[in-house]
Amino acid sequence: MALLADGCLERNAWICGDYVSSRSDEIMAALREHVSLTVSAVGYGTLIAVPLVLAARRRPVLAAWISGATSALYTVPSLAFFAILLPFTGLSRTSVLIGLIAYTLVILFRGFHTGLGSVPPEVRAAAVGMGYGPTRLLVTVELPLALPSVMAALRVATVSTIALTTVGATIGHGGLGDLIYDGLGSTFKAEVLTASVLCVLLAVTADLLFVAAQWLLTPWRHGTRGSPGARRTPGPPGAPGG
């Protein structure tokens, strides 16, 4: 590593330890902004997608309309998004965040809606017959069974948001994308490669965290506690565990 770092800034090498050590504050600030934008976008996107899914389930005719609207948002180019938002939010972090939230909705809505729709009708009917109300049915029966689809949607939305956040560099709020943008403008190879590698590592890390969370939350899928149906067999209303 020392050999690679020796004079690498002068040689404009792709791999340069001097760049990482001398610009660590700048790199960490960009990484923190990247993570913050990603977490905020997926978090707010989830908060918006959940009521949309519940509304679509209550009135199935809305599902096609909501799916179409979120798909339409996804097709809007990011630069056009920024131009539309410019009079209201300016060249700010909020502009990037609104765009990222809009892009997550199509993934989250379809994943959540498909997951809840895949719950076997007989399971839902059995729970209702046992006296489960809508909220209890959703939280204790439908959501656990839909969890694989929900987690898959969150994984795809998070990884795609990590990639899309770099676009925010066009208005100065792209996290690691700012470094890539600056590096491309100045042909600074180490800056471009370091920021790009960090983006990939961040995406891989986030995906692995979701895989681990899903593994922990769905023990019946790897045979450690049996099926969710067996674990949550509805009992008579008011009975312990029912």
Quick check: closest heavy atoms across Gly174 and His34, and the distance to 0.1 Å? O-ND1, 3.5 Å
Scan residues 80-109 for pairs that pass salt bridge (charged side-chain N to carboxylate O under 4.0 Å, His left out), counting only residues two or more places apart or in two chains. none
Just jot down the side-chain contact (heavy atoms from CB on, under 4.5 Å) partners of Glu142, sequence neighbours excluded, or say none. Arg57, Leu116, Val119, Arg124, Leu137, Leu138
Count I, L, V, M, F, W, Y as connected when their side-chain heavy atoms are under 4.5 Å apart, and connections chain through other members. Are Val167 and Ile171 then in the same cluster? yes
Quick one: CG on Leu52 to NE2 on His113, what's the gap to the nearest 0.5 Å? 10.5 Å
Between atom CG of Leu184 and atom OG of Ser196, what is the distance when rounded to the nearest 0.5 Å? 7.5 Å
Assigning hydrophobic clusters by single linkage (Ile, Leu, Val, Met, Phe, Trp, Tyr; side-chain heavy-atom cutoff under 4.5 Å), is Leu54 placed with Leu105? yes
Side-chain heavy atoms under 4.5 angstrom apart, residues restricted to Ile, Leu, Val, Met, Phe, Trp, Tyr: same cluster for Leu108 and Leu209? no
Could I get the full list of side-chain hydrogen bond (donor to acceptor under 3.5 Å, both in side chains) partners for Asp207, not counting sequence neighbours? Arg155
Answer yes or no: are there more than 12 heavy-atom neighbours, outside Tyr44 itself, under 6.0 Å from its atom OH? no
Under the rule for side-chain contact (heavy atoms from CB on, under 4.5 Å), what residues qualify as partners of Ala80, not counting sequence neighbours? Val76, Pro77
Tightest non-hydrogen contact, residues Ala13 and Lys189, listed as O-CB, 3.8 Å
Donor-acceptor contacts under 3.5 Å from residues 60-72 side chains, at least two apart:
unit_1, atom_1, unit_2, atom_2, d
Ser67, OG, Arg110, NE, 3.2
Ser67, OG, Arg110, NH2, 3.4
Thr70, OG1, Ile66, O, 3.0
Thr70, OG1, Ser67, O, 2.9
Ser71, OG, Ser67, O, 2.8
Ser71, OG, Arg110, NH2, 2.5

Connected to Leu208, directly or through other members, by ILVMFWY side-chain contacts below 4.5 Å are Val200, Val204
Nearest non-hydrogen partners of Gly111 and Ala153, listed with the distance: CA-CB, 3.7 Å
Can you name the residues that form a side-chain contact (heavy atoms from CB on, under 4.5 Å) with Thr170, not counting sequence neighbours? Leu79, Phe82
How long is the straight-line distance from CG of Asp178 back to CD1 of Ile27, given to the nearest 0.5 Å? 13.0 Å
Ser95: side-chain hydrogen bond (donor to acceptor under 3.5 Å, both in side chains) partners, not counting sequence neighbours: Thr89
Do you know which two heavy atoms are closest between Ser22 and Asp18, and how far apart they sit? OG-O, 2.7 Å
Residues which pass side-chain hydrogen bond (donor to acceptor under 3.5 Å, both in side chains) with Thr114, listed by chain and number, not counting sequence neighbours: none
Approximate separation, where rounding is to 0.5 Å, of Ile84 CD1 and Ile98 CD1: 11.5 Å
Heavy atoms of Ala195 and Ile180 approach each other most closely as CB-CG1, 3.5 Å
Under the salt bridge (charged side-chain N to carboxylate O under 4.0 Å, His left out) rule, what pairs show up with a residue in residues 25-44, not counting sequence neighbours? Arg23-Glu26
Kindly write out the residues that satisfy ring pair (Phe, Tyr, Trp, His ring centres under 6.0 Å) with Tyr103, not counting sequence neighbours, or none if the list is empty. Tyr74, Phe81
If you round to the nearest 0.5 Å, how far is CG of Leu97 from OG1 of Thr38? 10.0 Å
Option from Val156, Ile162, Thr161 for which side-chain contact (heavy atoms from CB on, under 4.5 Å) with Thr158 holds: Ile162
Would you mind reporting whether Phe112 and Leu154 have side-chain heavy atoms less than 4.5 Å apart? yes
Taking the side chain as every heavy atom from C-beta outward, state whether Thr94 and Phe88 have any atom pair closer than 4.5 Å. no
Is a donor on one side and an acceptor on the other found under 3.5 Å between the side chain of Ser118 and the backbone of Gly115? yes
Can you sort out the partners of Ala30 under side-chain contact (heavy atoms from CB on, under 4.5 Å), two or more places apart, ordered by chain and number? Leu176, Leu179
Is Val96 reachable from Tyr181 through a run of hydrophobic residues whose side-chain heavy atoms are each under 4.5 Å from the next? no
Minimum-distance pair of heavy atoms, taken over all atoms of Val141 and Ala127: CG2-CB, 4.2 Å
Taking the side chain as every heavy atom from C-beta outward, state whether Leu9 and Phe188 have any atom pair closer than 4.5 Å. yes
Could you walk me through whether Val106 and Leu73 pass side chain to side chain contact (heavy atoms under 4.5 Å, CB included), step by step? CA-CA 8 Å; Val106 64; Leu73 285 175; over 6 Å; no
Separation between CD1 (Ile101) and OG1 (Thr46), nearest 0.5 Å, reads 10.0 Å
If hydrophobic clusters are built from ILVMFWY residues whose side chains come within less than 4.5 Å, do Val50 and Phe210 share one? yes
